[in-house]
Amino acid sequence: QVQLVESGGGLVQAGGSLRLSCAASGRTFSSYFMGWFRQAPGKEREFVAAISWSGGSTYYADSVKGRFTISRDNAKNTVYLQMNSLKPEDTAVYYCAADRTGESKYEYDYWGQGTQVTVSS
């Protein structure tokens with residue numbers, strides 16, 4: 001089992017940047033496929049990005065491709081989401097998630113509590 005804690009959210013103006021971090025407990029972080037999701041008020045949770053166990057493969061939603069970058073540091077048990085050129089429509093609670101199998105980049109067994117990102121226009 002793994003516990004996930006997100007940080008780095010906040011208020012930023014449109015066009016600005018934020019870097020989210022997700023720290024994982026345990027000594028087997030490298031055995032988890034990791035993802036980021038977000039949920040805006042009144043909307044369903046949506047996939048943002050995912051990264052494979054070693055970081056060799058990354059996946060992005062079309063809405064963030066070219067603006068967001070997912071990365072991981074297995075030595076630090078942490079996954080990151082660098083968000084550039086932020087838009088008001090990026091406003092949401094951002095969640096990180098972990099899954100051992102990585103069978104689907106949309107399905108995960110473990111979730112963090114979320115961190116709020118607000119982009120002002």
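The model shown is predicted, which means the values in this text are computed figures rather than measured ones.
- Relative to the ring axis of F29, R72 places its NZ or CZ within 45° and under 6.0 Å from the centre.
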TODO: Could you give me the CA-CA distance, side-chain angles and deciding distance for V117 and L20, then say whether side chain to side chain contact (heavy atoms under 4.5 Å, CB included) is met?
DONE: CA-CA 9 Å; V117 171; L20 305 183; 4.0 Å; yes

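- A pairwise comparison of heavy atoms in S17 and S85 identifies OG-N, 4.3 Å as the closest pair.
- Contact annotation: the side chain of M83 never approaches that of V12 to less than 4.5 Å [non-hydrogen atoms, C-beta and beyond].
- Between W111 and C96 there is no side-chain heavy-atom pair separated by less than 4.5 Å.
- By the 30° and 60° cut-offs, the orientation of the rings of F33 relative to Y59 is tilted.
- Between the side chain of T115 and the main chain of G9, a donor-acceptor pair closer than 3.5 Å is present.
- Put simply, Y108 and Y95 are part of the same group of oily side chains (I, L, V, M, F, W, Y) that touch within less than 4.5 Å, one to the next.
- Remark: the backbone N or O of V119 is paired with a side-chain donor or acceptor of T91 at under 3.5 angstrom.
- When each of V79, V2, L81 is checked for a side-chain contact (heavy atoms from CB on, under 4.5 Å) with M34, only V79 meets the rule.
- Looking at R100 and S31, their side chains come closer than 4.5 Å, going by heavy atoms from C-beta outward.
- Taking every heavy atom of both residues into account, Y60 and K65 meet most closely at O-CE, 3.8 Å.
- Side-chain contact check for E107 versus D99: every heavy-atom pair is 4.5 Å or farther apart.
- Between the side chain of N74 and the main chain of W53, a donor-acceptor pair closer than 3.5 Å is present.
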Open item on the list: Before you tell me yes or no, could you show the steps for D73 and T78 under side chain to side chain donor-acceptor pair (under 3.5 Å), namely the whole-Å CA-CA distance, both residues' side-chain angles and the distance that decides it to 0.1 Å?
Closed with: CA-CA 5 Å; D73 185 337; T78 302; over 6 Å; no

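- C22 and L4 get closest at one heavy-atom pair: SG-CB, 3.8 Å.
- Using a distance-only test at 3.5 Å, with no hydrogens or angles considered, a donor-acceptor pair links the side chain of E6 to the main chain of G114.
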Open item on the list: side chain to side chain contact (heavy atoms under 4.5 Å, CB included), that's the test. Do W36 and F47 meet it? Break it down for me.
Closed with: CA-CA 7 Å; W36 284 97; F47 169 79; over 6 Å; no

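- For R38 and Y94, the positive end is not near the middle of the six-membered ring at less than 6.0 Å and at most 45° from its axis.
- Follow the hydrophobic side-chain contacts under 4.5 Å out from L18 and you reach V64 in the same cluster.
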TODO: Show your working on side chain to side chain contact (heavy atoms under 4.5 Å, CB included) between F68 and V48 and close with a plain yes or no.
DONE: CA-CA 9 Å; F68 290 12; V48 174; 3.8 Å; yes

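- Annotation for Q3: atom CD does not count as buried by contact number, only 12 or fewer foreign heavy atoms lying within 6.0 Å.
- Not one N or O on the side chain of E46 forms a donor-acceptor pair closer than 3.5 Å with the backbone of F37.
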